[in-house]
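Only one structure is covered here, and it is reproduced in the block below.
Convention: sequence-line order gives letters A, B, ...; per-chain numbering from 1.
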Amino acid sequence: MEIKKVRGFQDIYGKEAKKYRYIVDTARNIFENYNFEEIILPYIEDISLFIRSVGEATDIVQKEMYTFEDKGGRKVALRPEGTASAVRAFIENKLYTKGSYHKLFYEGAMFRYERPQAGRYRQFHQIGAEIFGVETPLADAELIKMVKDLLDRLSINARLEINTLGDFESRKRYIQTLKEYLNKTKENLCDVCKTRIDTNPLRVLDCKVKACKQSIKDAPKLIDFLPEESLKRYQRLKEYLKELKIEFVENPRLVRGLDYYTDTVFEFVSDEIGAQGTIAAGGRYDNLVEQLGGPPTPALGFAAGIERLMILLKQTPPEKQLTVIIPMIQEFEPQALKLASLLRKKDLRTELLLKTGSLKSKMKTANKLGAKYVIFLHEKPELKDMETGEQEIFQTEEDLVDVLLKRTTQTS
RNA sequence: GAGGGUGUAGCUCAGAGGCAGAGCACAAGGUUGUGGCCCUUGGGGUCGCGGGUUCAAGUCCCGUCACCCUCCCCA
């Protein structure tokens with residue numbers, strides 16, 4: 001029986017792998033310019049880390065985690081998201097003793113056991129960043145700007161939606177009031193929303209069913225429950241965004257799915273990829289560090305779905321021109337090996353053609369490989385430009401290499 | 001957890017009871033060392049799997065598996 005990849009998992013290769021690498025490299029470059037430092041986090045954590053951070057009642061914890069017991073009887077999970085691990089690492093390594101605040105980024109696979117569909121896999125990849133120990137909304141603005149820079153650099157259009165959730169207490173009071181309101185009008189809601197009253201009442205506010213929209217028109221509004229301080233901070237953030245000329249829409253129904261968010265939340269949404277349109281999202285989580293056993297530390301972060309960015313990435317990542325070396329007869333193979341190493345040492349992308357057969361079939365292969373230049377090795381080395389078809393014979397290999405170097409640096 | 005769709009060559013797919021097909025890809029040649037375009041030739045198949053109906057089943061029936069998509073939820 002043929003062995004196949006497990007449902008929801010994927011091999012990323014060829015053009016897709018290039019896109020993936022391009023996105024990650026671009027993000028890394030931008031994040032480092034913002035002076036974020038990379039943190040490489042484990043893929044496996046104690047289950048309770050996610051239960052305590054993401055939230056006991058969330059779908060992620062209830063049904064989407066890959067959990068198992070290891071041979072030592074530890075109950076562990078493949079990480080479903082990155083923030084929890086970053087917070088754990090921040091506390092465990094006592095980073096709060098090593099500076100006033102910290103800016104970290106990470107990249108890698110996440111795992112959620114869900115029904116796969118377009119833009120959603122059981123193993124997916126995120127690139128994310130977190131800021132620990134900063135209260136000022138200046139940080140919120142910088143974080144959003146950084147994500148925006150990344151999307152701009154990748155020429156990806158997305159709508160920025162923002163909202164504020166306030167602190168835990170006011171949100172709790174609001175949800176309580178909202179539940180009461182929804183229960184009163186329960187009969188008018190769609191079946192899904194009827195269950196949402198208990199599982200995810202805030203989500204009812206974003207239901208697309210007409211009847212629901214109608215019946216929540218007069219629902220209590222979160223903004224009326226928020227403390228003055230939250231409103232002020234939200235106002236400041238909006239000012240900063242305007243100052244940065246970042247367009248945004250306020251979406252009072254924007255609720256992140258995880259329990260730990262407080263105050264600022266934001267999403268970058270694309271309309272081009274259907275249902276899974278959220279390509280990057282994040283927000284503040286001012287209570288989480290303390291909640292997980294660290295000192296009270298305000299914090300915020302975001303994560304972007306690399307697969308979703310890949311769908312939207314239209315431009316083909318820049319590639320180095322390829323030179324293919326073809327030894328004309330076996331006697332020239334040692335020379336070809338040495339020339340190939342030399343070119344690679346000069347930082348040229350070089351293929352020593354390994355295909356056997358007629359010269360015609362070798363040339364076909366060179367063409368398929370996307371060769372810009374071909375070097376024929378016989379008594380005198382010969383350079384061919386595959387675009388123009390021009391060929392030139394050189395007296396020595398050194399002469400050829402000089403010309404080749406000049407041409408490849410000119411054009412790239 | 002609920003709904004829909006698709007499984008035939010390496011890939012994209014046509015074939016809807018009667019010889020297993022096309023395009024692309026791969027290989028050789030047309031061109032006496034030279035790619036792309038064109039032409040010729042060639043290799044390639046458990047028609048997802050199991051059963052049933054029939055003289056005869058990719059084709060009809062039952063079952064099953066896999067994948068894709070949608071909802072829920074999310075990156």
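Taking atom C1' in both U12(B) and G51(B), the straight-line distance is 31 Å, to the nearest Å. Using atom C1' as the reference point in both U31(B) and G44(B), the two lie 27 Å apart (nearest Å). Across the C1' atoms, U32(B) and A25(B) are found 29 Å apart, a figure rounded to whole Å. Between A14(B) and G45(B), the distance separating the two C1' atoms is 16 Å to the nearest Å. Look at the P atom in both C13(B) and A2(B): the space between them is 29 Å, to the nearest Å. Atom name P, nucleotides G23(B) and A75(B): the rounded distance is 48 Å, in whole Å. Comparing the same atom, C1', in G4(B) and in U8(B) gives a spacing of 23 Å after rounding to whole Å. When the P atom is used for both G42(B) and G21(B), the distance is 13 Å, rounded to whole Å.
Atom CG of D385(A) is separated from atom P of U34(B) by 19 Å (rounded to the nearest Å). The NZ atom of K372(A) sits 18 Å away from the P atom of G35(B) (whole-angstrom rounding).
Salt bridge K75(A)/D46(A): absent, no basic N to carboxylate O contact under 4.0 Å. Between E392(A) and R407(A) there is a salt bridge, with a side-chain nitrogen of the basic residue lying less than 4.0 Å from a carboxylate oxygen of the acidic one. Salt-bridge check for R153(A) with D149(A): failed, with every basic side-chain N at 4.0 Å or more from each acidic carboxylate O.
Within a 6.0 Å sphere centred on NZ of K314(A), other residues, nucleotides and ligands contribute more than 12 heavy atoms. Taking a 6.0 Å sphere around CD of E135(A), one finds it holds 12 or fewer heavy atoms contributed by other residues, nucleotides or ligands. The local environment of CD in E69(A) is crowded, with over 12 non-hydrogen atoms from other residues, nucleotides or ligands closer than 6.0 Å.
Map E390(A) and K368(A) each onto its nearest nucleotide of RNA chain B; the residue landing nearer the 5' end is K368(A). Each of M363(A) and S358(A) lies near RNA chain B, and the nucleotide nearest S358(A) is the one positioned closer to the 5' end.
Look at G51(B): its glycosidic torsion is beyond 90° from 0, and that puts it in the anti range. A glycosidic torsion no more than 90° from 0 defines the syn conformation, and A16(B) adopts it.
Between the side chain of R233(A) and the backbone N or O of T136(A) there is no donor-acceptor pair closer than 3.5 Å. Side chain of Q123(A) to main chain of Q10(A): no donor-acceptor pair is present (N/O by atom type, distance under 3.5 Å, no hydrogens or angles). N183(A) contributes a side-chain N or O that, together with a main-chain N or O of K179(A), makes up a donor-acceptor pair within less than 3.5 Å.
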*asked:* Strictly under 4.0 angstrom, non-hydrogen atoms only: write out the protein contact profile of nucleotides 63-75 of chain B, one letter per nucleotide from the 5' end, B, S or -.
replied: ---SS-SSBBBBB
Using a cut-off of under 3.5 Å, enumerate the N/O to N/O pairs linking the protein to nucleotides 36-42 of chain B.
residue	atom	partner	partner atom	Å
G36(B)	O4'	N367(A)	ND2	3.1

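Across all strands, Q62(A) comes closer than 4.0 Å to no nucleic acid atom at all (heavy-atom distances).
Taking a pair to require two hydrogen-bonding distances under 3.5 Å in either a Watson-Crick or a G-U wobble arrangement, A22(B) pairs with U12(B). Of all nucleotides present, only G48(B) satisfies the Watson-Crick or G-U wobble test against U64(B), with each distance under 3.5 Å. Pairing of A28(B), defined by two Watson-Crick or G-U wobble distances under 3.5 Å, is identified with U40(B).
Taking side-chain N and O atoms only, S361(A) has no distance below 4.0 Å to OP1 or OP2 of A27(B).
Not counting sequence neighbours, the partners of S215(A) by the side chain to side chain contact (heavy atoms under 4.5 Å, CB included) test are T185(A), N188(A), L189(A).
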